[in-house]
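Accompanying notes for the structure given below.
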Amino acid sequence: MPFFPSRYAQALAWLDQQLLQRLYTDRVRRLILQSFPFWFASVVVGLVAVGYERLFIWAELVSFAWLRREPLLAFGLTPLAFLVSWALVQRWAPAARGSGIPQVMAGIELSNPAQHHRTGYLLSLRVAFVKVLSSVALLLGGGVIGREGPTIQVAAAIFRAINKLQPAGWPQLSRQIALVTGGAAGLAAAFNTPLGGIVFVVEELTQMHMARFRMAVFSAVIVAGLTAQSLLGPYLYLGFPKVTSHAGWFLATVALVAVICGLAGAVFAKALLWLGNYRKRFTTWGRQAAWVAGCGLLLAGLAYAVGQEGVGTGKPIINRLLFQNDGQTPWYLFPVRFAGMALSYSGGGAGGIFATSLSAGAVLGDGLCRLGGVSLEDRNLLILVSMVSFLTGVVRSPFTAAILVLEMTDRHSAIFQLLLSGITAQAVASLVDPHSFYEHLKAGFMRETLTESSLPAPRPAGSPTQE
């Protein structure tokens, strides 16, 4: 009797061994070893993105509280916050200033065998740490900034660091793929928009063939997104606004709003570039500090006059317009937000323009709806269209903008209108400038990186660093 069970067990063991040999090939083993560091990095990015978001929410609430309680404090706290944010960047990590997306784009281009060692200037862990500190300091003082671009730079820095830590014999994916994947994971975790992260890689970060990095990007986006969701839940960035989707002649209204908002976004990008070039004439520490303090004082005046809607990320404004729109938003809120974004970005500290551009587009779209007499029930669609269009005018990524807004609101019924508005805005914005804001800055960061990497000594604290 024992003969049959033993033969049966031997047969099963033989089948298991054959199946394992067929499934766990050298290629599969190499793929798993390659992917494991990226999965680990994606978990870290998800955790950091959640912590960064909660820190940003706290800082924004603090800024709202002091501004509501004592508006005159703006004339002291806002310039001080501008100076602290700028000084942190100037002293410890010049490449931490601004959005962070142009730095990642420059890092990807420089991550070739001959120049990859230079990417540390743009994407080190020190840069990531200073990025977080500088942006939070600026937001505490009422800066009109977002965290999405900074999250992308922080995520790319984490992926770069973990990729460098792998042992020499470990099968590695390329440094370029590490940065591309980190950028996608960062955007997905920041907005809870996995498709937006994937489209952003294809449209903005790189023009390489997708087959080179698709599995790395897909898996990193999934892991980072699931990590963020495990802490925050399956949330939507903007909830479920009621949208009445129209076709026919209403599409002409959609196109008109897209044209106006796309042009406004392109003008905003040109204004930021002009201010950046103007700053270059200030070459001493004192003159740069005076410029930064001046930007802070101007924003303080706006904050004192308008209140908390003139500062911060603008997310509360979007929520109010989409869910509690009474049609009474003051006409001057858009120029105030426009100026606030420009002053905050030009102050030289860290801070993104993704979320703030969405809020500026929402305010402009609502103003156009009131100007055109659009009924309240039809405004939400046009507000979403204006968000896509303004962001597209700034960053020239129409599909990324459309997919981001779609995933933030889960309004699939409006997908064709959002895509139409993105393409329309892209076309009209190209008439203002054929190159995107990020492309201009990427070129500047590449020149700066090559220059800094060739210097024998670190940059003096007071030397100019513009873009």
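Everything numeric in this text was worked out from a predicted model, so none of it was measured. What you see below is based on every heavy atom in this structure, not just the backbone, and it leaves out hydrogens, waters and symmetry mates. Along the sequence shown, residues are numbered consecutively beginning with 1.
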Could you check whether the rings of Phe390 and Phe268 sit parallel, tilted or perpendicular, using 30° and 60° as the cut-offs? tilted
Between Tyr278 and Ser346, is there a side-chain donor-acceptor contact under 3.5 Å, judged purely by atom types and distance? no
For atom CZ of Phe416, is the number of surrounding heavy atoms from other residues, nucleotides or ligands below 6.0 Å larger than 12? no
Check for a donor-acceptor pair, side chain of Thr451 on one end and backbone N or O of Arg447 on the other, with a separation under 3.5 Å. yes
Indicate yes or no for a side-chain donor-acceptor contact from Arg97 to the backbone of Val89 under 3.5 Å, with no hydrogens or angles considered. no
Do you know which two heavy atoms are closest between Gly347 and Val292, and how far apart they sit? O-CG2, 3.1 Å
Glu439 side chain vs Ser436 backbone, donor-acceptor pair below 3.5 Å: yes
Asn277 side-chain N/O to Leu273 backbone N/O, donor-acceptor pair under 3.5 Å: yes
Determine whether a donor-acceptor pair (N or O, by modelled atom type, separation under 3.5 Å) exists between the side chain of Thr181 and the backbone of Ala178. no
So, does Lys131 use its side chain to make a donor-acceptor pair with the main chain of Ser99 at under 3.5 Å? yes
Candidates Gln103, Glu109, His435 - the one meeting side-chain hydrogen bond (donor to acceptor under 3.5 Å, both in side chains) with Lys442: Glu109
Taking the six-membered ring for Trp, are Tyr345 and Phe437 closer than 6.0 Å centroid to centroid? yes
So Ser134 and Trp86, do their side chains get closer than 4.5 Å, heavy atoms only? no
Does any non-hydrogen side-chain atom of Val84 lie less than 4.5 Å from one of Leu88? yes
Answer yes or no: is there a side-chain heavy-atom contact under 4.5 Å between Leu384 and Met387? yes
Would you check if Leu299 and Phe82 make a side-chain contact, meaning some heavy-atom pair closer than 4.5 Å? yes
For a 4.5 angstrom cut-off between non-hydrogen side-chain atoms, does Val311 reach Phe64? yes
Closest heavy-atom pair, Thr356 versus Gly146, reported as atoms and distance to 0.1 Å, is CG2-N, 3.9 Å
Closest approach of Gln153 and Leu122, non-hydrogen atoms and distance? NE2-O, 3.0 Å
Flag side-chain contact, heavy atom, 4.5 Å: Leu275 against Trp291: yes
Residue pair Ile108 / Ser111: nearest heavy atoms and the distance that separates them: O-OG, 2.7 Å
Do you see a donor-acceptor pair shorter than 3.5 Å between the side chains of Thr329 and Arg320? yes
Evaluate the side-chain proximity of Phe399 to Val388: yes if any heavy-atom separation is below 4.5 Å, no if none is. no
Closer than 3.5 angstrom, by distance alone: can the side chain of Ser63 be matched with the main-chain N or O of Gly141 as a donor-acceptor pair? no
Taking Ser389 for the side chain and Gly262 for the main chain, is one N or O donor matched with an acceptor at less than 3.5 Å? no
Is there a donor-acceptor contact under 3.5 Å from the side chain of Arg337 to the main chain of Phe334? no
What one should report as the nearest heavy-atom pair of Leu358 and Ile318 is C-CD1, 3.9 Å
Ile145 and Thr313, any side-chain heavy atoms less than 4.5 Å apart: no
For the pair Arg126 (side chain) and Ala93 (backbone), establish whether a donor and an acceptor sit closer than 3.5 Å, ignoring hydrogens and angles. no
Can you name the closest pair of heavy atoms from Ala264 and Leu364 and give their distance? CB-CD2, 3.7 Å
